[in-house]
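Taking it in order: structure first as structure tokens, then the write-up.
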Amino acid sequence: MVDKKIKTLGDALRRNGVSRRGFLKFCTATASMMALPPAMVPALAASLDKARRPSVIWLSFQECTGCTESLTRSHSPTLENLIFDHISLDYHHTLQAASGHAAEAAREEAMRANEGNYLVVVDGAIPLGNPGYSTIAGFSNLQILEETAAGAAAVIAVGSCAAFGGLPKADPNPTGAVSVRDIVTDKPVVNVSGCPPIPVVITGVLAHFLTFGTLPELDEYGRPKAFFGTSIHDRCYRRPFYDKGLFANTFDDEGARKGWCLYKLGCKGPMTYNACATVKWNEGTSWPVESGHGCLGCSQPDFWDAGGFYNALSIPVGDISRTTSYAAAAGLGVAAVAAGINHKTKVAARKRHDRVTIDDLEKIS
Amino acid sequence: MTKATLERGLNAFREQVDAPVAAFFSSCVNCGMCAEACLFYTETGDPKYTPIHKLEPLRRVWEQDYTLVGKLKKLLGLARPVTDELLREWQELLYDSCTMCGRCSLVCPVGNDISYMVRKAREGMVASGNSPVDVQGAAQRAVTIGSPMGVRFKALSSQIKHIEANSGLKIPLDVAGADYMPLLSSMEIINFPEYIESLARIFRQAGISWTLCSDAFEATNTGIQIGSSDIARELVQRIVDGAERLKVKFVISPECGHAYTSIRWEGPDLIGRPFPFKVIHILELLDELRASGRIKTANLSSERMTFHDPCSIARKGGVIDSPRKLMEMVSSNFVEMQDHGKWNWCCGGGGGVSAIGDAEALRFKVFKRKKEQIEQTGASKLVTACANCRLVIEEGLEEYNVELPLEGLTELVAHHLVEDA
Amino acid sequence: MNDSMDFLLWTRGTAFDVAIAIFIIGLIIRLFEIVSLGRERTLAEPKGSEFLPGVKTILTRTLPDGGTFKRQPLTVIAGYVFHVGLLITLLLFIPHIELFRETFGFGWPGLPNPIVDAAAVLGVVGLLAALWNRLTNPVMKMLSGGEDYLVWVLTFLPLLTGYLAYHRMINPYPLAMGLHLLSIELLLILFPFTKLMHTFTLFLARWYNGAMSGRRGVQS
Amino acid sequence: MDARDTIPILIETSAATDGCFQNTRPLLHEIAHALRRLQLEGVATTLDLSAIPFGPGDERQLIDFLGKGEVSAKLEAMGESLIWESRYAGVWIVEHRSTSSERLAFQLEITKLPAILASQPEDIAESLLMLREALESPQADGTLV
């Protein structure tokens, strides 16, 4: 833990014997992580030097802890440590040592002491169907969120469950799960979606808050534009193959081996906005497409209900060949009736035919 | 019930809509290309003469009685009904400005046979009393007198006597058991009796057994032109009766366009049974005789000649090669018009148009196309194979003060015929 | 329906199902309505067969005759450019082929995207020219009614939205693709009840024309 | 060192695949533009390579292409950093690693000298103080240095 007397990040680093070069290197790395342009490094350095230490309360609702796993296994441990060491993580189910009443007391203490300034991080969706679906210390998720968010500076919804409802909300949404934004409407909410989200994106948002004391610019889904501004498709190294019309048709054909585009195998890259293609996963080792599997679209709302993972994006969600066959059957039925009516009309017209003779060529006037 | 009414007309339209008509209307995207194929549009520039537009009444009946959306529109009062007023307005479009030449049916990119539909639409016009009075008169004469021009057998009989006396040829009449029974058009009897003489000459040379029929000589069928199957049936029946009475093997359609359509194609359907005899066009027969060497010609003319394809025979009858082979028998200087064969331009008077007095000015106006076509060839003689085309072209040329002799192809063949006797 | 992803899911889901069902039901009704009217028996001795000339006309009417081309080059060229562009875009773009494969169980090879992209531009240009022609050519102007313009819009929108979506000119992409799908759904729903039906009935029409002519030994 | 190399699974890579993702070429054009800017206006450019969508092999191809020039430096501050000039003068490669050798940042600097190599003013001021202090306080063993 960091000495509580140290007020700014700059102080902390210098106290640890970090040189100016080291600090510059740290800033460069942080800018890169935050996907800020390199030209921003000097400004970042100035801000980071004066960065203050925020209190963070982490709430876990209907979730699988995958987001926390993702974060704690994040690469660049030094950098993470620096950031995390600098925040005061006052409450986190999985990570904190305290338990039971002591844990809840820590949360309440942090809220009281940092009224209006602390950050709330949420992972997991909030069930509205029945408060009993998910409770902590006897309180429903909804109650805890409303209470905790009330005095927060901002809320960060980590993972697609918190951001958009995620798996719990997938059709038919048995628990009536909703996202953080559905509940918290009077505070800025940053969505860091993904299942799980890219860890550096989480730290990137924290770093941004830490550095500038503000939240990053958001897209229409409340996600930081720096990370979610471009689609997977637009940043995909396999894009040239898409443009050339070279596609893998199966997971073990020549196209797959040559690393051709995975569109036909269900890649949802074109509709998915995330930073996987550049930031990559597992210490920058690879990412789904590079590993030969299409993007599932996990950072988009309702991706679970967006059709088969292995169906091309252009294929509708429903069972189209079934719809087609049913419609054809119904069509045949209705058409038979329509044809029958037409036939009847024509037969009737024939029956009504009055033979035309030369005497009735003129019109009745 | 007598007299035409709107209701009878609508019923007739309803009867006429068949699968091809429905397919044609369903396919039309109003591209307007048919207008460019129609001399009534190209020569006047008036869009109302666009062929498909002439079918609006029939189209409305099809839409409102035979399609789901049309019925729904009708139910909601959104459909534009077919009224007496509409039909009156459309009379000019369906009769005065359409010769059913079928050129539009040839260019339609979706394959619509527009002249097929015009023929059908006229059924509704007749039944609703919106056919032209002049054509009504012709129909009445055809049914009561036996010829649209009022030509009775007596007139033919005297022409026969006249020809026999002048040429020494024998014109067989009512000979039972003859092979061929030629039909004539009134115009040939009155204006071009040379045709009858030519037939006699050629048949004598070829050794053909033939006969005219005293109660079935008229080939023209005003029922087809006015668009009434009922009247057309009556007229076709006379020919069938005559041919059956004389037990002929072939009936010869004369140098007349619509006669070929009515007797060759519509005839059996009108009387509801196949003919016990074959129907052949005179040009087809002459070409057969030529091919089999039964007729030969000599002293080919070096005069520059061109040939006008009658629409009903060439484009709509498929008789295109025969006249060309025959032309080569008579002329060493035969030139084609720029658009010929199936692409020929109509004389402007077919399909009953030449019978409509009110349409005369329009007919002369659109004749410009044919006139230019003829002039382009530089020919000094125009040959054709339809008495109606011949008359219309003669009148047209006169209107434009063009001196150009016209001749029927059969006469021309007879003229150059090598005769043994 | 408050965000683009919901919109996309709706257009890829319910809306598409409804549209394709209406399209198929309508299509079958229309074809039955036509065929049920039958054709008169023809008793005249034929001069030729019906089948081959019918098939021949189906093929030959794809090319314009020289006379029409000379008199109305714009109608012919705009028509060609737009139809070729549209058909290439519709049938040879890989994502579209995947949809057909899912529907029919089989697919076919597609073209590289830049070629399809060029075809889409051709399609758009051709359609604009066709509209201009419709508004200025006296014959087309006189013939055209609301339905003709509706059909134009219905055809234009999928090309336009598809082009914008492909080039990611509408953001976010789910909105772009949703709009593209919605325009196609509109097209599908109205297709059987408008002139768009010519896509299918022209084969019937050409066949009838060719067959009726063929029977008479007439060139069609 | 690519972590994948240690996985005992044979990954089929045809010659055609290696570096055929075409993502390097546009980047080289960008470098050329930046060099021109440096030459004419003296403006330096930094390209963050972690923001470039590289396929497998692309990065290696780029680095191989740029090669090594006359200068290379190692920086020891919060872990190791490697800085070298490519065989194209003015194009520098800067790789920052953490104390546990994980890559923190990977950049191309098109500049006369990467800023991080220069001594920082604060550090210079500090070292001056330290040096003076050292000079002013006599050593225990009487030696100056």
Side-chain angles (χ1 to χ4, degrees), chain A residues 13-14 16-33 35-39 41-42 75-82 200 230 232 234-241 243-244 254 256-260 275-280 282-287 289-292, chain D residues 2-4 7 11-14 16-18 20-26 44-59 75-81 94 96-109 114-127:
Chain A
L13 293 170
R14 272 188 290 280
N16 286 344
V18 173
S19 67
R20 292 303 300 192
R21 275 203 191 91
F23 183 65
L24 203 58
K25 172 172 170 176
F26 169 72
C27 290
T28 303
T30 309
S32 172
M33 178 186 74
L36 292 173
V41 171
H75 73 102
S76 333
T78 310
L79 196 60
E80 296 300 307
N81 290 347
L82 280 168
V200 299
T230 18
I232 295 289
D234 287 337
R235 308 243 77 184
C236 180
Y237 74 94
R238 296 194 186 200
R239 177 65 182 270
F241 296 113
D243 290 336
K244 274 191 225 156
E254 197 203 357
R257 277 192 292 275
K258 285 189 172 165
W260 289 353
C276 305
T278 46
V279 174
K280 305 192 180 180
N282 298 325
E283 299 167 17
T285 304
S286 181
W287 60 294
V289 169
E290 192 171 337
S291 309
Chain D
D2 195 323
R4 277 170 298 187
I7 302 173
I11 300 172
E12 251 186 89
T13 46
S14 65
T17 314
D18 233 13
C20 80
F21 294 104
Q22 300 180 351
N23 298 301
T24 357
R25 234 188 138 69
T45 309
T46 305
L47 299 171
D48 191 341
L49 291 180
S50 64
I52 308 288
F54 275 149
D58 278 341
E59 183 188 302
L75 173 75
E76 289 280 359
M78 286 189 9
E80 202 175 69
S81 293
V94 180
H96 294 305
R97 291 169 181 255
S98 71
T99 43
S100 49
S101 290
E102 309 288 351
R103 181 189 280 172
L104 293 178
F106 192 45
Q107 295 182 324
L108 283 181
E109 288 197 36
I116 200 156
L117 284 180
S119 297
Q120 304 293 311
E122 291 90 339
D123 287 344
I124 294 171
E126 216 164 281
S127 54

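Please read these numbers as outputs of a predicted model, since none were measured by experiment. Lettering of chains follows the sequences in order, A, B, ..., and the numbering in each one begins at 1.
Within the 3.5 Å criterion, the main-chain N or O of D:H96 finds no donor-acceptor partner in the side chain of A:K25. Under the 3.5 Å distance criterion, the side-chain polar atoms of A:R21 are matched with a main-chain donor or acceptor of D:L117.
Only the side chain of D:Q107 comes within less than 4.5 Å of a heavy atom in chain A; its backbone stays farther off.
To the nearest 0.5 Å, the span separating CZ on A:F23 from CD on D:E122 amounts to 10.0 Å. Within the model, atoms CG of D:L104 and OG1 of A:T30 stand 8.5 Å from one another, a figure rounded to the nearest 0.5 Å.
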Please tabulate, for the side chains in residues 44-54 of chain D, all donor-acceptor contacts under 3.5 angstrom to protein atoms that are two or more places apart in sequence or on a different chain.
from	atom 1	to	atom 2	distance (Å)
D:T45	OG1	D:R37	NH2	3.1
D:D48	OD1	D:S50	N	3.1
D:D48	OD1	D:S50	OG	2.7
D:D48	OD2	A:S32	OG	2.9
D:S50	OG	A:S32	OG	3.1

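Take A:E254 and apply the side-chain hydrogen bond (donor to acceptor under 3.5 Å, both in side chains) test, not counting sequence neighbours, and it matches A:K258.
In terms of heavy-atom proximity, A:L24 sits nearest to D:Q120 at CD2-NE2, 4.0 Å.
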